[in-house]
Colleague: 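Before I ask anything, let me first share the structure, which is written out below as structure tokens.
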Amino acid sequence: MNVEQMLGQSGILTLLGMGVVFSFLIIMIVCMYALHAVLHALKLDKDTPAASAPTAPSAASAPAADQKAVVAAIAAALKSKGNI
């Protein structure tokens with residue numbers, strides 16, 4: 001087998017490999033569009049808030065006096081360590 005034949009075979013193999021990958025990508029895109037159509041038809045694409053999920057209290061709901069006390073405690077701790 002000479003160099004020209006080897007280059008010819010490698011070119012064919014390269015084109016064949018790229019064709020397989022390109023074909024797979026097209027099939028994957030078609031499947032994604034089909035899945036989107038099915039989910040849209042069944043109305044499963046809408047996000048619904050979970051009504052039964054308990055809500056955790058947020059940090060903003062804490063009284064301002066408690067937050068000031070926390071800030072004062074942190075400042076006192078830093079001052080005692082010599083970082084301020």
Side-chain angles (χ1 to χ4, degrees):
M1 183 176 261
N2 59 13
V3 175
E4 290 87 20
Q5 290 175 337
M6 292 174 68
L7 286 175
Q9 284 184 350
S10 64
I12 291 172
L13 186 62
T14 300
L15 292 176
L16 182 64
M18 291 175 71
V20 168
V21 170
F22 189 70
S23 300
F24 173 76
L25 290 174
I26 290 174
I27 291 169
M28 187 175 68
I29 290 170
V30 168
C31 289
M32 294 294 285
Y33 276 116
L35 181 63
H36 175 264
V38 169
L39 290 176
H40 187 69
L42 296 176
K43 301 201 184 304
L44 295 174
D45 57 348
K46 305 289 186 222
D47 286 336
T48 57
S52 63
T55 57
S58 64
S61 66
D66 290 343
Q67 290 179 355
K68 288 181 182 178
V70 170
V71 170
I74 292 171
L78 288 174
K79 185 163 180 115
S80 69
K81 295 276 185 181
N83 292 337
I84 294 182

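Along the sequence shown, residues are numbered consecutively beginning with 1.
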Colleague: Sequence neighbours left out, what passes side-chain contact (heavy atoms from CB on, under 4.5 Å) with L13? Give chain and number order.
Modeller: none
Colleague: Rounded to the nearest 0.5 Å, how far apart are CD1 of I27 and CZ of F22?
Modeller: 11.5 Å
Colleague: Taking side-chain contact (heavy atoms from CB on, under 4.5 Å) as the test, write out the residues that go with D45, two or more places apart.
Modeller: H40
Colleague: What is the distance from atom CG of L7 to atom CD of Q9, rounded to the nearest 0.5 Å?
Modeller: 10.0 Å
Colleague: Please identify each residue that fulfils side-chain contact (heavy atoms from CB on, under 4.5 Å) with L42, with sequence neighbours left out.
Modeller: V38, L44
Colleague: Measuring from M28:CE to L25:CG, what's the distance to the nearest 0.5 Å?
Modeller: 5.0 Å
Colleague: Do you know the tightest heavy-atom contact between A77 and S80?
Modeller: O-OG, 2.8 Å
Colleague: If the test is side chain to side chain contact (heavy atoms under 4.5 Å, CB included), which one of V21, V20, T14 qualifies with M18?
Modeller: T14
